[in-house]
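Just so you know, ligand 1 is whichever comes first in the structure, and atom 1 is the first atom listed for that ligand.
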Amino acid sequence: MPSPKLTITDQRTDKAYELTIENSSVRALDLRPIKENPEEFGMLSYDPGYTNTASCTSRITFIDGDKGILRYRGYPIEQLAEQCTYTEVAYLLLYGELPTAAELKVWNKEIKDHTMVHENIKKFIDGFHYDAHPMGMLVSTVAALSTYYPDAKNIGSRTNRRLQQLRLISKMPTLAAYAYRHSQGLPYIYPDIELSYTENFMNMLWRRAEPKYEPSPVLAKALDVLFILHADHEQNCSTSTMRTIGSSNADPYVSLAGACGALYGPLHGGANEAVLTMLDEIGSMERIPSFIKEVKEGERRLMGFGHRVYKNYDPRAKIIKKIADDVFEITGRNPKIELAKELERIALEDDYFVKRRLYPNVDFYSGIIYEAMGFKPEMFTVLFAIGRTVGWLAHWEELMEDPERRIARPRQLYLGPNEREFVPIEERLGRLQSQRV
Ligand code: ACO
C-alpha cells in the first residue's frame, strides 16, 4: 500500500506539495522545496523549545502524557518499580530485554568490578571549596573521567562503548558519594562489593567508624525505587543534551557531563531542590493561599508542578507518594509532606492549574523523601543524575547505532539587520548614536 500523503498548498504561489506521512509525522526536510522564488532557501518549521519536533526515532521509553503512562522497553513503570532492582532495570534500558537470573548475576558483578575510581580523583575533589555544590563537583569529575579513559574516544566499537557504559554506571555513585563526603569534611569511603548497588552507595555516603555499614533494607529499597523512577524519560532536556553532544562524536564522559549540566537547572532535575527551598519559604499552612496567589499572578512558579509531556498526574509522582509512608516509618515523618499535600490539594482544585493541566511531577515529593532519609537538598539532583545515567547511556548507544545519525545542528530564523555599511570607530559616536535614538 502506498504511504499516505499530506497535501500542502502554498497560497503565495498556489502550488501544491505532497509530503509522505510516516509514523504520524512528516520529514522537516520535505518542507524545503516549498519556496516562493527558486533562489530562496526554502521553508523551515519553527519550534522554539522543540515542543512538537521529533529529533530521532527511539525504542527505549514510551510516554503517553495525557493518560499518565510511562513504560521502559514496553514494561509499565509501576511493575518495574515494584518487582525489579535498579541494576535489572539498567540492563533492560541498555540492552532492550530483562536479564535472566544468570545474566543479572554477571551484570551485577561487572558493575561492582568497576566501582572504584582512580585515586587522583580524590585529589581533584579535594581542590573544590568546602561549600562547592555537589552537582558542580559531579559535572566536573564526570568530565574529568574522560582524561582517565582516552580509549573512550573509540566510539565506533560497540565492545568499547559497552565498557565505558559499565564504567559510568558503576562510578557515578562513587563520584556522587565523594562529592558529598568532601562537602561534609569526611574521609572518602571505598566501595563495599558485598552490598548491592544502592546499599553500597549508602555505605559510601554514610559509613562512619563502624567496621561494616549495615543499610536499612526499607531505605535501600526506597532509594532503589527512586533510581528506577528516574532512570529514563525519553527526549527530555538532559537526554537531548547527551544526544546533541554525542552527535559530534565526543566521548561519553564529556557528553554525560553536559547532560548532568542540563539536569542541574531548576526547570529540570534541579526542581527537586527548588521544591524544598519553596516549602521552607512557605513554612506554614497559613502561608499557602498567599503563595498560590503569587503563583497565579505570574510572580513565581509552583516548583514540582507542570511538565512538558504530562498533562495528567505524573505516574512517577504517584509511586513516590506511596513509598513516602514506608520511609517515614523508619525515619519519622517529614512535616513538609503535610505542606506539600495541602499545596497539591489546593492546586488541583484551582482553575489556574486545572486549565493549564498542571499536576505534580516526579520532583514534587522526591525531595521530601530524600530529606527524611538524611540527604541535604544540594544532593537531590545528584541522586537524580545517578538514576538517569543509564537512560543517558541507552540513548547515546541508540544514537551511535542509528543509521540516520548526523551532527545535531538546528536552523534559525534570522531576524537581524540586513547587510549594512561598516562604520569606522572614529565615526561611530555620532553616526551610531543618531541611529540608536
Ligand atoms: N507553576 C505555575 N505556572 C506554571 C507552572 C508552574 N510550575 N508550570 C507551567 N505553568 C504555566 C505557565 O506560566 C504557562 O502559563 P500561561 O499559558 O498563562 O503563560 C503554562 O503553565 C504553560 O507553561 P510552559 O512554561 O509554557 O510549559 P513548558 O512545557 O514550557 O514547561 C516546565 C514545563 C518547565 C516543567 C514547567 O511546567 C515548570 O517550570 N515547572 C516547574 C519546574 C519543575 O517542576 N520542573 C521539573 C519538571 S520534571 C523534570 O524535568 C524532571
Side-chain angles (χ1 to χ4, degrees), residues 46-53 61 63 65-66 68 70 72 77 135 225-242 258-279 281-282 288-321 336 339-340 343-370 377 379-392 395:
Y46 176 57
D47 188 10
Y50 309 121
T51 50
N52 198 43
T53 295
T61 289
I63 302 175
D66 284 327
L70 169 63
Y72 296 161
I77 189 68
M135 265 313 268
V225 171
L226 285 157
F227 285 158
I228 293 173
L229 299 181
H230 287 91
D232 193 43
H233 214 236
E234 53 118 306
Q235 312 310 319
N236 53 83
C237 178
S238 54
T239 303
S240 303
T241 304
M242 179 88 195
C260 275
L263 188 76
Y264 191 4
L267 294 188
H268 189 15
N272 50 18
E273 184 179 344
V275 168
L276 260 275
T277 313
M278 175 188 81
L279 292 175
E281 222 181 289
I282 296 174
I288 292 181
S290 60
F291 176 79
I292 294 276
K293 187 165 167 273
E294 286 172 35
V295 171
K296 286 161 63 174
E297 282 167 1
E299 283 168 31
R300 52 195 311 168
R301 290 208 157 188
L302 175 51
M303 300 312 283
F305 254 69
H307 199 277
R308 170 62 60 78
V309 180
Y310 291 120
K311 301 302 168 198
N312 199 327
Y313 214 103
D314 183 334
R316 301 167 298 174
K318 269 190 200 157
I319 301 171
I320 292 178
K321 214 171 151 186
K336 289 190 186 119
L339 263 186
L343 261 177
E344 178 191 326
R345 191 191 64 75
I346 293 177
L348 293 186
E349 284 174 359
D350 192 296
D351 225 32
Y352 174 94
F353 298 90
V354 175
K355 254 204 219 136
R356 290 170 179 77
R357 303 179 72 190
L358 301 170
Y359 291 87
N361 60 47
V362 68
D363 288 324
F364 193 63
Y365 287 107
S366 60
I368 298 171
I369 301 182
Y370 291 144
M379 278 300 284
F380 297 172
T381 314
V382 172
L383 301 173
F384 193 153
I386 295 174
R388 183 55 59 86
T389 292
V390 71
W392 290 328
H395 283 273

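- Distance alone, capped at 3.5 Å, is enough to place a donor-acceptor pair between the Asn312 side chain and the Asp66 backbone.
- Ligand 1 places these atoms under 4.0 Å from at least one heavy atom of Ala271: 43 (C), 44 (O), 45 (N), 46 (C).
- The protein heavy-atom contact nearest to atom 4 (C) of ligand 1 is Leu358 CD1, 3.5 Å.
- Distances from atom 34 (C) of ligand 1 to the heavy atoms of Thr381, Val275, Val295, Leu267 show the closest one on Leu267.
- At least one heavy atom of Gly304 sits less than 4.0 Å from an atom of ligand 1.
- At least one heavy atom of Asp363 sits closer than 4.0 Å to an atom of ligand 1.
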One pair to check against ring pair (Phe, Tyr, Trp, His ring centres under 6.0 Å): His233 and Tyr310. What are the steps and the verdict?
CA-CA 11 Å; His233 214 236; Tyr310 291 120; 5.2 Å; yes
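- Nearest non-hydrogen protein atom to atom 3 (N) of ligand 1 is Tyr352 OH, 2.9 Å.
- In this structure the side chain of Phe305 reaches within 4.5 angstrom of the side chain of Leu348, judged on heavy atoms.
- Here the side chain of Asn361 pairs no donor or acceptor atom with the backbone of Tyr359 at under 3.5 angstrom.
- Within a 4.0 Å radius of atom 19 (O) of ligand 1, the protein contributes no non-hydrogen atoms.
- Minimum heavy-atom separation, Gly49 to Arg308: O-NH1, 3.0 Å.
- At a 3.5 angstrom cut-off on N or O pairs, Phe353 does not count as close to ligand 1.
- The protein non-hydrogen atom at the shortest distance from atom 35 (C) of ligand 1 is Gly306 O, 3.7 Å.
- Given atom 49 (C) of ligand 1, the protein heavy atom at minimum distance is His268 ND1, 3.7 Å.
- Judged purely by atom type and a 3.5 angstrom limit, Asp47 uses its side chain to pair as donor or acceptor with the backbone of Thr53.
- Residue contacts with ligand 1 for His307 involve both N, CA, C or O and side-chain atoms from C-beta outward (heavy atoms, distance under 4.0 Å).
- Using a 30° and 60° split on the angle between ring planes, Phe380 and Tyr370 fall in the tilted class, from 30° to 60°.
- Of all the heavy atoms of Phe364, none lies under 4.0 Å from any atom of ligand 1, so neither backbone nor side chain is involved.
- At distances below 3.5 Å, at least one donor-acceptor pair connects side-chain atoms of Thr389 with backbone N or O atoms of Ala385.
- Taking all heavy atoms of Arg301, Arg300, His230, Glu294 into account, the minimum distance to atom 23 (O) of ligand 1 is reached by Arg301.
- Taking atom 1 (N) of ligand 1 as the reference point, the nearest protein heavy-atom neighbour is Leu302 N, 3.0 Å.
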Salt bridge (charged side-chain N to carboxylate O under 4.0 Å, His left out) assessment of Asp351 paired with Lys296
CA-CA 10 Å; Asp351 225 32; Lys296 286 161 63 174; over 6 Å; no
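- In the vicinity of Phe384, heavy-atom distances shorter than 4.0 Å reach the ligand 1 atoms 51 (C).
- For atom 29 (O) of ligand 1, the nearest protein heavy atom (residue, atom name, distance) is Arg308 NE, 2.8 Å.
- The backbone N or O of Gly269 lies less than 3.5 Å from no partner atom in the side chain of Arg388, so there is not a single donor-acceptor pair.
- Judged by the 6.0 Å and 45° rule, Arg356 forms a cation-pi pair with Tyr352.
- At distances below 3.5 Å, at least one donor-acceptor pair connects side-chain atoms of His268 with backbone N or O atoms of Ser238.
- Protein heavy atoms are absent from the 4.0 Å sphere centred on atom 26 (O) of ligand 1.
- In this structure, atom 42 (C) of ligand 1 lies nearest to the protein heavy atom Met303 CE, 3.6 Å.
- Of all protein heavy atoms, the one closest to atom 16 (P) of ligand 1 is Arg356 NE, 3.6 Å.
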